[in-house]
Each structure stands twice: as C-alpha cells, then as structure tokens.
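Below is one structure, written out as structure tokens, with a few remarks after it.
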Amino acid sequence: MNAIDTTFAALKTEGRTALIPFLTIGDPDLDASLALIRELEAAGADMIELGVPYSDPLADGPVIQRASQRALSGRLTTILDVIAIARRAKEEGVKLPFILFTYYNPILQLGFDRFFDLLQANNISGMIVPDLPIEEDEELRGLAESHGLHLIPLVAPTSSQRVSRIAKKARGFVYCVSSLGVTGERASFANEIEAFLDTVRGATDVPIAIGFGISNREQVARFEGRCDGVIVGSAIVRKVEEQEEKLRNPATRAEGARAVGDFVRELKGAK
C-alpha cells in the first residue's frame, strides 16, 4: 500500500487529522531543508509536501515566491536536488510520506520515465502538479499508477461542475483549495467553505485535505472535524524566512529549525 494511504488509514483509526506542512526545498539552502524535514517530523507532521522551486509559480503567493527566489539564487535548486533531499532524509531515518509539489515543466524537462523511476526509487509517495488540468493528465496519471504513486488533484470552490469528475479519479487524497487566488495566509474563509467540503466528500471515497491560506491553530481546528488532512504552506514558509539567517549558519541551524518546529507544534495544538 502507498505510504499516503497507510498514514491516512492509521490516522482515521486514531480519530486524528493529518497535518501536512509545505516546504520550499533549497530555502534557504539544501542542508537547512534537510534539518527542517527532520524537525517537522519530530514536531508531529504526518506528511510533508516538498516544493520544487520554480521561477514562475503561478499558484503561489508572495511568501512562497520569495522562497523560490531564495532557493534559485546562488546554487540553483533543481527538481533533482529536491528528490535527492528526499533520499537523504529517508537515509537518516525520516519515516513520514513525501509528496512532491512541482509545476509541469520540470517534469517535462526531466522526462516522464526518468521522473517516475526517480520518485519510486527515492520513496516519494505522490505528487501535486498545480498547472496540469484533469483534461490533460491522463498520461501522467497512468504512469503514476503504474509506479504505485499518487497524482493528487486540486479542486477549487469554482469547480462545481467538475468536482465529481476530478474526485472520482483521485488517488491518495483530494486537495481542496480553500479560496480563490494564489496561496497565502488569510484571516478568514468564506461561509460556503463547509458546503464545498461536503460536496467533495460526497463525490469520493478517498480522503480530503484542505489548503491555501491556513495559518494558525484556530483555522486548523476549524477544519479538523471536516477534513482528513490540513495543509499549511505560506505560514510555515514565512517562519522559515524569519529564521533564514540562523538556518544558513551550521552553528545555529538547529535553533532555527526548532523555531519552525515549534510553530508546527502550535498548529497541532500540542501542549
């Protein structure tokens, strides 16, 4: 069974909701990303999205855009570097599932066969490709399934006419976009968000997770009862940005990573 499926099944048995942090790998450098992955697992993360830095991240707001710029400046962080970090983390004993978040062009540049062989060989359980619509994902989806991996779809509140079609093809989980626009922290969500989640839930048997804009414990708690997973991106990446100087310095890297981990503990409601 895919590690994403195993994790969701275990959490369901325990009556818990997955917390899924997002990291831009290479921000501020690769060694810092490795330290952050270890710390987030220790802080209670259930899965981690490994973001591939991209020069034109259409779905990402300013916080993650700045993170991509940091990761691409100096030593250019590539999709191969992100996959290598996944391998290093697993070699160091990290157990939680990894989900690769990448735009379509880096996959094309790498080549489908090589891409999936690398993901399978390096224990990456799934992928999110935000600029690949369901009408054009058949080849990628088929290759993912043949390698035992999950291509995780995104569905937005404006997708009302397409929810059923998207959800029926879903593997791993359905990524429910909480609001329109790009990623970024939000003070509130539309009142209709619960109805949207109920619609998605009714269209699929796989878990559903919500992301885009969730940034504090109160918001995480709001969705824990309605979703199988809660994804937090920009708020965590902002904490990384605040700790950039410490994370870059090997002497203070652990301290910087711990500050980010403490924020994840806060999101989980840990005492």
Side-chain angles (χ1 to χ4, degrees), residues 3-4 7-8 10-12 14-25 27-28 32-51 59-64 66-67 89 94-99 101 126 128 152 154 172-179 182-190 193-194 197 207-244 246-247 253-271:
I4 295 171
T7 298
F8 274 121
L11 290 170
K12 184 176 182 179
E14 298 167 9
R16 296 196 296 115
T17 301
L19 183 68
I20 309 173
F22 170 96
L23 291 173
T24 299
I25 302 303
D27 174 33
S33 292
L34 185 60
L36 286 164
I37 291 169
R38 292 194 303 262
E39 177 63 30
L40 294 191
E41 181 177 56
D46 298 291
M47 309 177 200
I48 295 182
E49 288 184 19
L50 306 178
D60 294 317
V63 173
I64 296 178
R66 291 197 301 269
V94 172
K95 303 296 185 186
L96 78 181
F98 290 145
I99 301 162
F101 186 106
I128 297 168
I152 296 159
L154 287 87
F173 63 91
V174 179
Y175 189 137
C176 300
V177 176
S178 68
S179 49
V182 297
T183 59
E185 300 149 273
R186 288 172 172 80
S188 62
F189 300 90
I193 188 65
E194 278 81 9
L197 294 173
I208 66 171
I210 189 166
F212 277 53
I214 298 167
S215 58
N216 57 49
R217 173 58 197 164
E218 181 182 5
Q219 292 171 347
V220 171
R222 172 179 177 178
F223 294 115
E224 281 179 334
R226 287 190 172 268
C227 297
D228 304 287
V230 178
I231 300 160
V232 182
S234 294
I236 290 174
V237 173
R238 185 184 295 280
K239 293 294 180 183
V240 173
E241 185 175 52
E242 292 171 358
Q243 299 297 320
E244 177 184 2
K246 289 181 179 178
L247 288 165
R253 182 170 293 139
E255 180 183 354
R258 195 157 48 246
V260 180
D262 286 343
F263 178 62
V264 170
R265 292 179 181 90
E266 179 184 327
L267 291 171
K268 287 183 67 70
K271 303 298 184 183

Item to check | Inter-residue atom distance Q243.CD - R258.CZ, 0.5 Å rounding | outcome: 10.0 Å
Checklist outcome for this item: Heavy-atom closest pair (F98 atom, A89 atom, distance to 0.1 Å) is CZ-CB, 3.7 Å
Item to check | Worked verdict on I152 versus I4 for side-chain contact (heavy atoms from CB on, under 4.5 Å) | outcome: CA-CA 11 Å; I152 296 159; I4 295 171; 4.1 Å; yes
Item to check | Distance (rounded to the nearest 0.5 Å) between I193 CD1 and C176 SG | outcome: 7.5 Å
Next on the checklist: Between D228 (side chain only) and I208 (backbone N and O only), is there a donor and an acceptor less than 3.5 Å apart?
Outcome noted: yes
Item to check | Closest approach of D27 to S33 (non-hydrogen atoms, all atoms of both residues) | outcome: N-OG, 3.8 Å
Checklist entry - Nearest 0.5 Å, what's the CG-CD distance between L36 and E41? => result 13.0 Å
Next on the checklist: Looking at every non-hydrogen atom in both residues, tell me the closest pair between G213 and S178 and how far apart they are.
Outcome noted: N-OG, 4.5 Å
Checklist entry - Taking the side chain as C-beta and beyond, is there a heavy-atom pair between R66 and R238 under 4.5 Å? => result yes
Item to check | Test item: V237 and F22 side chains (from C-beta on) under 4.5 Å apart, heavy atoms | outcome: yes
Checklist outcome for this item: Closest heavy-atom pair, K268 versus A45, reported as atoms and distance to 0.1 Å, is CD-N, 4.4 Å
Checklist entry - Atom CD1 in I48, atom CZ in R38: separation rounded to 0.5 Å? => result 11.5 Å
Checklist entry - Any side-chain heavy atom of F173 within less than 4.5 Å of one from I231? => result yes
Checklist entry - What are the two closest heavy atoms between A257 and E39, and how far apart are they? => result O-CG, 3.1 Å
Checklist entry - Given side chains that start at C-beta, do those of T7 and L96 come closer than 4.5 Å, heavy atoms only? => result no
Item to check | Side chain proximity check, D46 to R16, heavy atoms < 4.5 angstrom | outcome: yes
Checklist entry - Quick one: do E194 and R222 make a salt bridge, cutoff under 4.0 Å? => result yes
Next on the checklist: Could you go through L197 and C227, starting from their C-alpha distance and side-chain angles, then the distance that decides it, and tell me whether this counts as side-chain contact (heavy atoms from CB on, under 4.5 Å)?
Outcome noted: CA-CA 8 Å; L197 294 173; C227 297; 3.7 Å; yes
Next on the checklist: Working note: V232 + L19, criterion side-chain contact (heavy atoms from CB on, under 4.5 Å); need CA distance, chi angles, decisive distance, verdict.
Outcome noted: CA-CA 8 Å; V232 182; L19 183 68; 4.0 Å; yes
Checklist entry - Does a sphere of radius 6.0 Å around CD in E14 hold more than 12 heavy atoms from other residues, nucleotides or ligands, not counting ones at 6.0 Å or beyond? => result yes
Checklist entry - Is V260 close to K246 at the side-chain level, that is, under 4.5 Å between some pair of heavy atoms? => result no
Checklist entry - So do the side chains of V220 and T17 get within less than 4.5 Å of each other, counting heavy atoms only? => result no
Next on the checklist: What I'd like to find out is whether the side chain of E49 reaches to under 4.5 Å of the side chain of Y175, using heavy atoms alone.
Outcome noted: yes
Item to check | Nearest heavy-atom neighbours spanning G172 and P207 | outcome: O-CD, 3.4 Å
Checklist entry - To the nearest 0.5 Å, how far apart are CG in L40 and CD1 in I20? => result 13.0 Å
